[in-house]
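Just so you know, residue 1 is the first one in the sequence shown, and it goes up from there. Quick note: numbers below take in every heavy atom, side chains included, and nothing from hydrogens, waters or symmetry partners.
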Amino acid sequence: MRSIFPSAAVTSRKYALVSSLRAQGFAVGSFETAQPGPNDLFLVVEGEGVAAPARTVVIGCEGRHVTPSRNGSPARISFATEDTAVGNGFARALIGGPDMPTAADPESLALLALAERVAAADITVLINGPTGTGKEVLARAIHNGSARKDKPFIAINCAALPESMLEALLFGHQKGAFTGASSGGDGFFRAANGGTILLDEIAEMPLQLQAKLLRVLQEREVVPLGASVPQPIDVRVIACANRDLHAEVAAGRFRADLYYRLAVFPLATKSLAERPQDIPALAATLILRHAGTRTSIPWPSHAAIEQLMQHDWPGNVRELENVIQRALLFCNGDTIEANHIVFDRPVSMTFQRTAVVTPITPVAAEPETPPGTLGNIVQMSEFAAIRETLKACNGSRIETAKRLGISERTLRYRLAKAREQGDDIGNVHNWAASA
């Protein structure tokens with residue numbers, strides 16, 4: 001990660017910002033003890049000299065505005081003390097880029113610090129956490145902080161790949177290995193050689209393929225489909241799961257030996273509702289990411305941030321990204337107001353933060369069906385049918401797939417799709433709550 005060199009005036013006036021950047025992993029340099037490198041960044045206040053405009057952020061203390069660096073000009077940001085939560089988020093995104101992990105909550109900062117240490121050790125990592133909580137972002141941060149950062153990073157969603165082709169796609173195949181294989185293929189593992197491969201939604205991988213993955217991890221070699229000679233590989237594996245793999249092992253849906261091979265160093269991401277201090281910082285990062293070519297980046301008002309803080313975020317960061325994109329669409333000026341915040345679904349009656357004094361308007365126990373396209377309506381009906389059939393089959397996915405006339409693979413994909421949208425229809429606890 002690049003170092004930042006704040007001027008003495010920045011350190012004095014924006015000490016909280018400098019401390020926040022240091023906590024997120026930035027190395028803070030001093031002109032008295034070190035010389036800036038060719039990629040390092042400078043933080044100065046208005047009126048100070050700018051030696052390298054494209055690598056400089058000019059920071060002010062009056063008003064609130066943010067302007068990214070364009071055409072070699074310095075980036076600019078200004079905010080008062082009462083706007084620190086959002087202002088620090090904007091500053092971090094300007095300095096580190098909108099795709100760098102964002103954290104402000106103490107537990108999130110601790111997780112990033114731990115991930116930084118894990119990155120230095122070339123070991124297998126298992127990241128567990130709800131859908132949409134930034135597991136892939138964390139995996140990329142581990143890759144970018146490792147000695148493999150200049151090699152490929154390949155992310156694979158195990159639930160999205162066709163089951164019949166999964167082995168060939170992962171491990172490669174030879175010409176003629178199966179019908180239609182007119183040429184050979186390296187597969188994702190060999191394509192990631194020297195780098196990192198991310199196996200997302202690892203719990204959706206079929207048991208038969210789990211055994212082959214276990215051998216790959218043990219022997220550090222793959223056998224392409226149709227081949228008899230193993231091919232050595234040098235790949236770091238990071239696996240992600242949005243379900244409790246201990247429970248999957250107990251239920252016989254995941255191999256215990258593979259679990260222990262993957263969980264050399266387990267990390268866990270939390271739902272967005274459990275780390276509320278991240279919300280203003282994430283909102284700022286997402287605004288900057290999706291603002292496009294706007295000359296003036298909209299700044300969220302205090303009322304807008306309060307409304308975001310009240311929400312229970314069943315869809316986690318992905319849902320927040322949707323909300324921010326809508327707000328940018330509705331906002332024509334330089335401020336995102338509370339009426340620009342439109343959620344996917346009403347705030348849950350059971351969710352309320354003690355710090356929020358504005359009462360939450362009660363809603364019906366069954367959320368209203370949001371207006372949408374025919375595809376949305378069909379998808380909701382499909383999820384409802386799967387939920388009812390799972391209930392009738394006492395949670396048996398094999399029997400449910402048979403009754404619905406679909407493959408178990410298709411069922412797993414539909415369940416994963418529902419979880420992405422904040423509706424865990426395969427969770428037996430949710431059935432009990434809705435009964």
Polar side chain donor-acceptor pair, Ser7 to Glu48, under 3.5 angstrom: yes

Atom pair CD1/OG1 of Ile386 and Thr400 - distance to nearest 0.5 Å: 9.0 Å

4.5 Å side-chain heavy-atom contact, Asp40 and Ile4: no

Identified side chain to side chain contact (heavy atoms under 4.5 Å, CB included) partner of Leu170 from the options Val222, Val216, Leu209: Leu209

Flag if over 12 foreign heavy atoms under 6.0 Å of CZ, Arg397: yes

Validation row, ring centre Phe79 to ring centre His65 under 6.0 Å: no

Short side-chain donor-acceptor distance under 3.5 Å, Glu82 and His302: no

Phe343 side chain reached by Gln307 side chain, heavy atoms, under 4.5 Å: yes

Minimal non-hydrogen separation, Val118 against Arg236, with atom names: O-NH2, 2.9 Å

Side chains of Thr285 and Thr102, donor plus acceptor under 3.5 Å: yes

Minimum side-chain heavy-atom gap Ile59-Ser78 below 4.5 Å: no

Nearest-0.5 Å distance, CG of residue Asn316 to CG of residue Leu282: 10.5 Å

Side chain proximity check, Leu198 to Glu136, heavy atoms < 4.5 angstrom: yes

Separation between CG of Asn88 and CZ of Arg92, rounded to the nearest 0.5 Å: 10.5 Å

Electrostatic pair Lys270-Asp105, nearest N-O below 4.0 angstrom: no

Salt-bridge criterion met for Glu107 and Arg275 (N-O under 4.0 Å): no

His340 side chain vs Ile324 backbone, donor-acceptor pair below 3.5 Å: no

N/O donor-acceptor pair under 3.5 Å between Asp234 side chain and Gly194 backbone: no

Carboxylate-amine/guanidinium proximity below 4.0 Å for Glu248 and Arg412: no

Pairwise distance CD1(Ile341) to CZ(Phe330) - rounded to 0.5 angstrom: 10.0 Å

Ring geometry between Phe5 and Phe42 (parallel below 30°, tilted from 30 to 60°, perpendicular above 60°): tilted

Heavy-atom donor-acceptor pair, Arg289 side chain to Ala284 backbone, under 3.5 Å: no

Approximate separation, where rounding is to 0.5 Å, of Arg318 CZ and Thr133 OG1: 8.5 Å

Tyr15 backbone acceptor or donor facing Ser19 side chain under 3.5 Å: yes

Check: Thr196 main-chain N/O paired with Arg148 side-chain donor or acceptor under 3.5 Å: no

Under 3.5 Å: donor-acceptor pair, side chain of Asn144, backbone of Arg140: yes

Pair Arg64 + Asp334, salt bridge at N-O below 4.0 Å: no

Heavy-atom neighbours of Arg117 CZ exceed 12 at 6.0 Å: no

Thr131 and Asn242: side chain donor to acceptor below 3.5 Å: yes

Salt bridge (Lys or Arg N to Asp or Glu O under 4.0 Å) partners of residues 190-203, not counting sequence neighbours, each pair once: none

Aromatic ring pairing Phe189/Phe171, orientation class (parallel under 30°, perpendicular over 60°, tilted between): tilted

Over 12 non-hydrogen atoms of neighbours within 6.0 angstrom of CD in Gln231: yes

SB check Glu204 Arg243 (cutoff 4.0 Å): yes

From Leu126 atom CG to Ile238 atom CD1, the distance as rounded to the nearest 0.5 Å: 10.5 Å

Expected output: side-chain Arg55 to main-chain Pro38 donor-acceptor under 3.5 Å: yes

Working for side chain to side chain contact (heavy atoms under 4.5 Å, CB included), residues Val58 and Val45: CA-CA 5 Å; Val58 180; Val45 299; over 6 Å; no

CD (Gln35) with more than 12 external heavy atoms under 6.0 Å: no

Any donor-acceptor N/O pair, Arg419 side chain to Pro130 backbone, under 3.5 Å: no

Main-chain N/O of Gly129 paired with Lys135 side-chain donor or acceptor, under 3.5 Å: yes

Side-chain heavy-atom pair Leu109, Leu111 within 4.5 angstrom cut-off: no

Backbone of Leu308 reached by a side-chain donor or acceptor of Trp313 within 3.5 Å: yes

